[in-house]
Amino acid sequence: MLRNPALKAVHAATQRYVSGQVRNYSRRALTTLANFPDLRMETMVQTTTKHGMDVIHDPLLSKGTAFSLSERERLGIRGLVPPRTQEMDKQLQRIIRNLRGCRTPLEKFVFMTALQDRNETLYYRLLIDNLEELSQIIYTPTVGEACQRFHSIYRRARGMYFSSHDRGQMAAMVHNWPHDQVDVIVVTDGSRVLGLGDLGANGMQIPIGKLSLYVAGGGIRPTSILPVVLDVGTNNEELLNDPLYLGMGHRRLDGDEYYSFVDEWVHAIQNRYPDALIQFEDFKYPHAYNLLHKYQDKVCCFNDDIQSTSAVALAGVLASLKARGKAIDDLNEERIVCVGAGSAGVGVCEGIVDCMVEQGKVKSRAEAYSRIWMLDQHGLIGNPHLGSEETGKRAPIGLADRAELDERQLQYLKKDMHDRTNLEDVVKAIKPTVILGLSGAPGVFTEGAIRAMAEGVEKPVVFPLSNPTRSSECSAEQAFEWTDGRAIFASGSPFKDVEYKGEIRKVNQINNAMSFPGLGLGITVSRATRVTGKMFMETAITIANMASEDQLKNGVLFPGVSSLREVSKEVAAKVCEVAYEQGLARAQLRQGVSLKDVIEESMWDPEYVPTIRIDGHM
Ligand SMILES: NC(=O)C1=CN([C@@H]2O[C@H](COP(=O)(O)OP(=O)(O)OC[C@H]3O[C@@H](n4cnc5c(N)ncnc54)[C@H](OP(=O)(O)O)[C@@H]3O)[C@@H](O)[C@H]2O)C=CC1
Ligand SMILES: CC(=O)C(=O)O
Ligand SMILES: [Mg+2]
């Protein structure tokens, strides 16, 4: 029993905060009540019922060597860690030196995972302070390799798996998750992991990596995130035949079986965490779209590959207009080629079409579609009947033969061009101003295609957005080489800036990571009940307006990943604004406090706070 009334009050207030009943606690109120020698003003405390080794081995509580003497005393860990108390800055020095000593990116990945598994506060401090360097490890490109090797490098449990043998049990299973408050869930079925195809349950590293960015970039609390894999099997023969594979060893469920599986999971989650934001990630087309349409009006959810990719790619295209001396609302004058007609390609192009319509310079949605030429692995989505009689070579192909094309993709069909025209011929015919790569197909931006594009426009906008780096449609060096250094360039995974004829050419990264942490923060702070298209459109415009004139002149379209926290604050403020405007927000606005201040205050910042042991039966 806690006898000290001050401590009791601290505990009660902290519990209310941790359990989400109080979202914006008053730090002063908490701490002035406290009566411990190592509790300072303006400091939060963390409470635990744990003791001894259990504290040291809990990554959410552990401070490694940084426990103060009084903490060691009251937590029963005196003598269990080396005697000298080492502050976080010293720990960081040691960690970064050891990390940089790892020989390969995958070794760094394993090192970072081990750190996350023993001390999350230190992990996130390190990540935030070195976001540009370390996002390449815990996120793209290295996370791709980590997924491929997941079953070899697996060490410790993280996240939840719902598999085909859990059908009928999911509502009970969700209660195995140890936290009562979950703000953001990232879920994948591993069917299309980056540009690496079907990786089944190995896809778990993607939700884990994305959620690390929610915490590091969006200030979501590490206790409030939940990574999930829906293991509905895999069609990856290599994994099916690998005795070390950790997922279900059968082929993927499909059709009704698949959708009812996902439905059971959504209901189970809604039951325990009705307010959580669900991010659908790396679901193959058309499941990705079908699930989004099924749930977006019923549940607080979105599809990252479709919607946040769309927001960031649109931001890039809009910022490129400014960089080319054009008006941001002249999007309708662009000629855009999109290589890739899957979740991301269609999602990005839909966002561009929405924006053209919103800008009001096209007469119809059809006119907006006419500005975009879309290709899949067969080539242009064009007219299968056009001139087929005289070409001789290409047999007429009925749309039925393109079995996978659906209404969304057919909006982009060009009646005046041959179906399956190859990229280079498309480029020569239409002289695009922008080329987008969302195909997962390495090298499909050929030298011929990019050189042909560069002949037609002064500043070709070249965005090979597929991940990881080795799936990129072309490299940064190639883009600048083939356009005589004139390209405005962005890729999905990071490339280094390029030196072209003695001058530096800037490389941008267009990745949905610039958008989802801010979106999640905005949804969490406003306690919005739904995620809407307007939120993504406003996110795009917000990001598009972030670069200064000088940056734009130098080919920088918007701040890079090292500024992710700043970008997230702006995005979150916009998302909150939209949530209130659309009547979706449930959090009370605070009189006299700006949204930005509320957002800033609610962002979790990893720092050690005094730990107090309390009695579990209080
Ligand atoms: N930068 C970012 O933030 C993001 C990047 N991406 C990347 O986009 C890529 C695609 O993702 P997603 O749309 O979800 O995947 P999908 O599997 O849904 O779609 C892939 C599309 O690319 C087409 N394609 C495949 N090979 C070629 C080729 N050689 N030439 C032209 N088109 C081709 C496919 O055609 P077909 O249907 O005929 O097979 C299909 O239309 C991935 O590499 C992913 O990493 C995705 C989300 C965010
Ligand atoms: C970035 C991302 O979500 C993808 O490549 O799938
Ligand atoms: Mg993805």
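Remember, it's 1-based here, ligands and their atoms both numbered in the order they're listed.
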Proximity to ligand 1 by part of [X], non-hydrogen separation under 4.0 Å:
X	value
A441	side chain
I510	backbone
N467	both
T309	side chain
N511	both

| Considering distance alone, does some N or O of D305 sit under 3.5 Å from an N or O of ligand 2? |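 By distance alone, the answer is yes.
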
| N/O to N/O below 3.5 Å, does that happen between N511 and ligand 2? |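 N511 vs ligand 2: no N/O contact under 3.5 Å.
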
| Interfacing atoms of ligand 1 (cut-off 4.0 Å, heavy-atom, G195) |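 So the answer, numbered in order with elements, is 42 (C), 43 (O), 45 (O).
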
| Proximal ligand 1 atoms for Y285, defined as those under 4.0 Å from one of its heavy atoms |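 Once the distances to Y285 are compared, the set is 18 (O).
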
| said: To 10 degrees, how wide is the angle OD1 (D282) to the Mg ion (ligand 3) to OD1 (D305)? | reply: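 About 100° at the Mg ion (ligand 3).
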
| task | Give the residue and atom name of whichever protein heavy atom lies nearest to atom 5 (O) of ligand 2, and the separation in Å to one decimal. | result |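 Result: N467 ND2, 2.7 Å.
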
| task | Could you pull out the atom name of the N/O/S atom in E281 that is nearest the Mg ion (ligand 3)? | result |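 Minimum-distance N/O/S atom of E281 relative to the Mg ion (ligand 3) is OE2.
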
Out of [options], whose heavy atom sits nearest [atom]?
atom	options	answer
atom 21 (C) of ligand 1	G342, S466, S515, G440	G342
atom 26 (N) of ligand 1	Q377, E473, Q409, R192	Q377
atom 18 (O) of ligand 1	A288, P442, S343, P464	S343
atom 22 (O) of ligand 1	G492, S439, G345	S439

| request: With heavy atoms of Y139 as the reference, note each atom of ligand 2 found under 4.0 Å away. | output: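 Every atom of ligand 2 under 4.0 Å from some heavy atom of Y139: 1 (C).
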
Close N or O approach ([X], ligand 1; < 3.5 Å):
X	answer
N512	yes
A341	yes
V444	no

| query | Y412 vs Y369 aromatic rings, parallel, tilted or perpendicular, using cut-offs 30° and 60°? | reply |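 Correct class here is perpendicular.
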
| Pi-cation contact, Y289 with R408 (under 6.0 Å, within 45°) |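 The answer is yes; both the distance and angle limits are met.
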
